[in-house]
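Have a look at the structure below before the remarks.
We number each residue from 1, following the sequence as shown.
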Amino acid sequence: GIMVPPQTESYLIPAYCPGECTELLFHEPINVFATLPHSHTAGASIWTQIIRDRKEIGYLDLNLNYDFNFQGYIAHDPPTVILPGDDLILNCLYSTKQRDEFTIGGQSTQEEMCFNFIFYYPKLNSSLCITNKQRDNSITAALDSFQWNNAD
C-alpha cells in the first residue's frame, strides 16, 4: 500500500502495468480517447509513461501541477494507441510538507491513492491492472477480470 513520510517535498510512488499484463488484457491495439488521473490532497504530480520495446515513446498524460480541487478528464484527440505488450508506468509524486504524520493509502482525502482511469475502445472484458510493491521491493502485478452489464 501507499505510505508517504511526513515533511517531504517530493515522494515518488510508481505503479507498473507490465507488457505481460497488457498482452493478457488485449490482443489488438486499444485507442485511448480520454484519461482521468486521480490522487488525493498530497498529490503534486501524476504522469503515465508508455514504454514500447524498452523505449519510452511518450506519455499517456502528464500533469506536473496536479491539484485535487481541479481534477478533470484529459481528452486524447487523436486517440493514443496502446499496443499489446506495451508497459505502462503510472507515477504519483506526493508532497507532505505540511503534514506531521505518515500519509497512508485509503479512501479519505487525507489518505492517498494513485489511479489513472483510462477510457478506450474497442471494449474489453478484462480491464484492470493492479500492481503492488512488496516489503522486499519486488513488484507483483495482477489482473482483475469483470464483465460489464451494458447493452451493446
Item to complete: Report yes if some heavy atom in the side chain of Trp47 is under 4.5 Å from a heavy atom in the side chain of Leu60; otherwise report no.
Response: no
Item to complete: Going by the side chain to side chain contact (heavy atoms under 4.5 Å, CB included) test, name the single residue among Asn65, Asn69, Asn63 that passes it with Asp67.
Response: Asn69
Worksheet item: Where is the tightest heavy-atom contact between Arg99 and Ala42, given as atom of each residue plus distance?
Response: NH2-N, 3.6 Å
Discussion item. Ring centroids only, cut at 6.0 angstrom: are Phe115 and Phe117 within range, meaning strictly under it?
Written reply: yes
Discussion item. For a quick check under 3.5 Å, do Thr48 and Asn116 share a side-chain donor-acceptor pair by atom type?
Written reply: yes
Worksheet entry | Hydrophobic cluster identity match, Ile50 and Ile30, side-chain contacts under 4.5 Å | yes
Discussion item. Is the shortest side-chain heavy-atom distance between Ile51 and Asp86 below 4.5 Å?
Written reply: no
Discussion item. Within the 4.5 Å heavy-atom criterion, are Tyr94 and Ser10 side-chain neighbours or not?
Written reply: no
Worksheet item: Heavy-atom distance under 4.5 Å between the side chains of Ser39 and Phe68, does that happen here?
Response: no
Worksheet entry | Heavy-atom closest contact (Leu64 atom, Ser45 atom, distance) | O-OG, 2.8 Å
Worksheet entry | Side-chain touch Ile2/Ile13, heavy atoms, less than 4.5 angstrom | yes
Discussion item. Is a donor from one side chain sitting under 3.5 angstrom from an acceptor on the other, for Gln71 and His38?
Written reply: yes
Worksheet item: Between Glu112 and Gly106, is there a donor-acceptor pair closer than 3.5 Å when you use the side chain of the first and the backbone of the second?
Response: no
Worksheet item: How about Asn91 and Ile46: do any of their side-chain heavy atoms sit closer than 4.5 Å?
Response: no
Discussion item. Counting only heavy atoms from other residues, nucleotides and ligands, does the tally under 6.0 Å from OH of Tyr73 exceed 12?
Written reply: no
Worksheet item: Do any N or O atoms from the side chain of His40 and from the backbone of Glu111 form a donor-acceptor pair under 3.5 angstrom?
Response: yes
Practice prompt. Give the intermediate values and the outcome of side-chain hydrogen bond (donor to acceptor under 3.5 Å, both in side chains) for residues Thr35 and Asp61.
Written response: CA-CA 7 Å; Thr35 54; Asp61 42 49; 2.7 Å; yes
Practice prompt. Answer whether the closest heavy-atom distance between the side chains of Tyr120 and Asn31 falls below 4.5 Å.
Written response: no
Worksheet item: Counting distance only, does the side-chain N/O of Arg52 pair as donor-acceptor with the main-chain N or O of Gly85 below 3.5 Å?
Response: no
Fill in: Distance-only polar pair, side chains of Thr96 and Gln7, donor-acceptor under 3.5 Å
no
Discussion item. Quick one, Thr103 and Tyr11 - any side-chain contact, counting heavy atoms below 4.5 Å?
Written reply: no
Worksheet entry | Same cluster (ILVMFWY, side-chain, under 4.5 Å), Met3 and Leu90 | no
Worksheet item: Is there a path from Ile74 to Phe70 through hydrophobic residues (I, L, V, M, F, W, Y) whose side chains come within less than 4.5 Å of each other?
Response: no
Worksheet entry | Any donor-acceptor pair under 3.5 Å from Thr41 side chain to Thr109 backbone | yes
